[in-house]
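Structure first, then comments.
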Amino acid sequence: MPSLRLHNSLSRKSESFAPLDPGHVRMYVCGPTVYDRAHIGNARAVVVFDVLARLLRVLYPRVTYVRNVTDVDDKINARAKESGVSILEITTKTLADFHTDMASLGALPPDVEPRATENISQMITIIEKLIASGHAYAADGHVLFAVSTDADYGKLSGRSPEDLLAGARVEVATYKRDPGDFVLWKPSTDDLPGWDSPWGRGRPGWHIECSAMSWRYLGESFDLHGGGDDLLFPHHENELAQSRCAFPGSSFARVWVHNGMLTVDGSKMSKSLGNFFTVEQVLEMAPGEAIRMLLLRGRYSETLDFTRAALAECKRDLDRFYRALERHPSVERAAEVPVAVLDALCDDINTPLAFSAMHALADAAFAGNAEAASGLLAAGDQLGLLQHSPADWFRSGDDAAEIDALVQARIDARKARDFAKADAIRKDLDARGIVLEDGPSGTIWRRS
């Protein structure tokens with residue numbers, strides 16, 4: 001079994017992965033804030049860490065993958081106020097939509113999916129520890145983390161506190177001892193969600209939520225923490241600071257893995273630019289597997305550009321894989337992932353290299369090698385792809401029933417010797433990209 005290497009954002013270098021307990025790997029990934037449909041950039045992180053979780057399960061006997069849900073947040077409060085819908089309704093529906101969208105992209109559910117609102121007591125406990133040790137202070141109904149008390153603050157993002165402060169959006173408040181201090185707890189008015197605490201009725205700051213949930217389900221120290229590189233500062237820097245200060249001697253997360261940003265047609269995704277796409281919208285353009293492949297076609301740590309041309313290319317690549325499998329209708333998935341694919345994934349999740357190995361397997365399968373087809377199935381399964389039969393893949397789509405009816409109408413026309421009508425139907429289907437194959441067992445169709 002190959003050894004896994006990952007780029008650790010904390011050390012800023014590639015390292016051999018060595019879990020605290022080789023019998024049980026523990027990973028935490030920042031999940032959705034549930035106030036709106038997930039966009040394609042959100043999906044990249046989910047798909048990347050789904051691939052990593054699948055890989056860890058091949059390499060180690062037990063994996064606990066925790067991905068949180070932020071269901072108490074000012075954005076949620078604002079959405080409830082502007083829509084007139086209750087916070088619970090918004091978070092419940094948005095989370096259900098998130099699950100549907102991610103399942104459409106082939107992402108498996110995490111082992112644990114805690115909601116912030118179910119872990120308030122753990123947040124309060126950590127805040128109390130930070131106050132008792134002098135790392136936090138209460139002021140004007142708020143509790144704040146004192147950044148100056150942590151000598152290691154800034155090491156994850158690789159910048160000094162002064163540099164971090166200069167580049168951050170810092171809330172100016174008279175109750176702060178230092179402008180860079182961040183909120184652990186804040187007061188709530190009667191119209192906002194709130195919980196009783198030693199500092200009055202209030203709600204948690206964003207950063208403390210993840211510290212509490214990772215502690216509850218993974219312990220004071222665990223192996224991996226993942227998320228988008230947009231979370232590196234301030235969210236992950238603040239998580240790391242408050243967790244290590246609350247639990248002296250702990251490492252919190254030993255390895256930090258960050259995926260790069262997703263752009264659209266070379267520009268940062270923005271509603272004002274008209275290049276903002278939800279997963280739901282992109283699923284109208286292409287099958288979920290094609291979207292998933294696009295999200296994996298570049299190195300996870302680098303910026304990835306989403307274009308319709310790239311999406312179409314991924315669809316064509318998947319068509320090729322499915323056609324290779326079509327040559328071997330009775331083949332079953334290999335018991336083990338092909339070495340070339342596994343080696344690529346163990347090289348810091350090198351999915352482009354893994355896809356190259358899959359194309360080599362497809363070449364061999366086209367040449368009649370059933371073992372290569374079996375390996376291609378196993379490789380696809382490891383990457384969350386090739387989950388359909390070739391017949392279903394080529395016949396999928398919202399218009400499948402309509403096409404079936406047209407094919408049957410053509411068959412009926414031929415039986416009635418109305419060849420002009422049969423030819424007209426074939427030409428109509430051909431214009432829509434539908435290829436008909438007449439054989440001894442009847443007529444089948446596929447998308448070109």
Side-chain angles (χ1 to χ4, degrees), residues 100 103-106 277 279-294 297 306-333 355 358-377 379-381 384-448:
T100 298
S104 297
L105 302 184
F277 295 107
V279 173
E280 181 185 31
Q281 290 170 327
V282 181
L283 283 166
E284 295 176 357
M285 305 176 193
E289 283 195 5
I291 301 168
R292 182 182 178 94
M293 190 172 190
L294 173 58
R297 76 192 306 246
F306 174 91
T307 67
R308 290 176 184 265
L311 187 58
E313 184 179 334
C314 289
K315 172 63 166 59
R316 288 193 295 271
D317 283 347
L318 286 166
D319 287 347
R320 184 173 187 273
F321 293 155
Y322 275 110
R323 287 195 177 102
L325 294 173
E326 199 173 36
R327 300 286 185 91
H328 305 271
S330 60
V331 75
E332 295 184 0
R333 178 189 183 279
F355 289 149
M358 288 177 69
H359 277 291
L361 289 167
D363 289 341
F366 276 120
N369 188 326
E371 186 177 345
S374 180
L376 180 60
L377 267 177
D381 197 50
L385 301 170
L386 306 182
Q387 300 299 294
H388 305 273
S389 70
D392 287 344
W393 173 258
F394 289 117
R395 290 163 58 89
S396 63
D398 294 337
D399 58 351
E402 179 190 356
I403 295 169
D404 283 336
L406 287 170
V407 171
Q408 185 60 51
R410 176 177 173 270
I411 293 171
D412 294 342
R414 293 180 71 186
K415 286 180 179 178
R417 305 188 67 79
D418 187 350
F419 298 115
K421 181 179 180 181
D423 287 345
I425 293 173
R426 176 186 275 278
K427 288 179 181 178
D428 176 50
L429 290 171
D430 183 63
R432 293 167 60 173
I434 305 301
V435 177
L436 300 182
E437 297 179 359
D438 296 318
S441 58
T443 302
I444 61 173
W445 64 268
R446 70 163 73 214
R447 299 185 192 277
S448 60

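Computed over heavy atoms, backbone and side chain alike; hydrogens, waters and symmetry mates excluded.
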Answer yes or no: is there a side-chain heavy-atom contact under 4.5 Å between I425 and V407?
-> no
Assess whether side-chain contact (heavy atoms from CB on, under 4.5 Å) is satisfied between R323 and R320, documenting all intermediate values.
-> CA-CA 5 Å; R323 287 195 177 102; R320 184 173 187 273; 5.8 Å; no
Exceeds 12 heavy-atom contacts within 6.0 angstrom, atom CD of E371 = no
Could you grab the distance from atom CG of D418 to atom CG of D423, nearest 0.5 Å is fine?
-> 9.5 Å
Whether over 12 other heavy atoms sit under 6.0 Å from E332 CD | no
Interatomic spacing from CZ in R292 to CG in L385 - rounded to 0.5 Å = 6.0 Å
On a heavy-atom basis, the closest approach of R333 and S374 is C-OG, 3.5 Å
State, to 0.1 Å, how close A372 and A365 come at their nearest heavy-atom pair, and which atoms those are.
-> CB-N, 3.9 Å
Answer yes or no: is there a side-chain heavy-atom contact under 4.5 Å between Y322 and E289?
-> yes
Does any non-hydrogen side-chain atom of T443 lie less than 4.5 Å from one of R426?
-> no
Can you list the steps and then say if N369 with L361 is a side-chain contact (heavy atoms from CB on, under 4.5 Å)?
-> CA-CA 9 Å; N369 188 326; L361 289 167; over 6 Å; no
Rounded distance (nearest 0.5 Å) linking atom CD of E326 with atom CZ of F366 | 9.0 Å
Would you mind checking if D319 and K315 are paired as a salt bridge, meaning a charged N to carboxylate O distance below 4.0 Å?
-> yes
Which heavy atom in C314 sits nearest to a heavy atom in A290, and how many Å separate them?
-> CB-O, 3.7 Å
With rounding to the nearest 0.5 Å, note down the distance linking CZ in F277 to CZ in R308.
-> 5.0 Å
Measure across G288 and L105 and return the closest heavy-atom pair with its distance rounded to 0.1 Å.
-> O-CD2, 3.8 Å
Would you call I291 and V279 a side-chain contact if the rule is heavy atoms closer than 4.5 Å?
-> no
With side-chain contact (heavy atoms from CB on, under 4.5 Å) as the test, would you mind laying out the steps for L377 and H328 before giving the verdict?
-> CA-CA 11 Å; L377 267 177; H328 305 271; over 6 Å; no
Spatial distance of atom CG (D428) from atom CD1 (I434) [nearest 0.5 Å] = 10.0 Å
Atom pair CG (L318) and CE (M293), whose distance is rounded to the nearest 0.5 Å | 5.0 Å
Do M358 and D317 have side chains that get closer than 4.5 Å, going by heavy atoms?
-> no
Check whether any side-chain heavy atom of V282 sits under 4.5 Å from a side-chain heavy atom of L311, and report yes or no.
-> yes
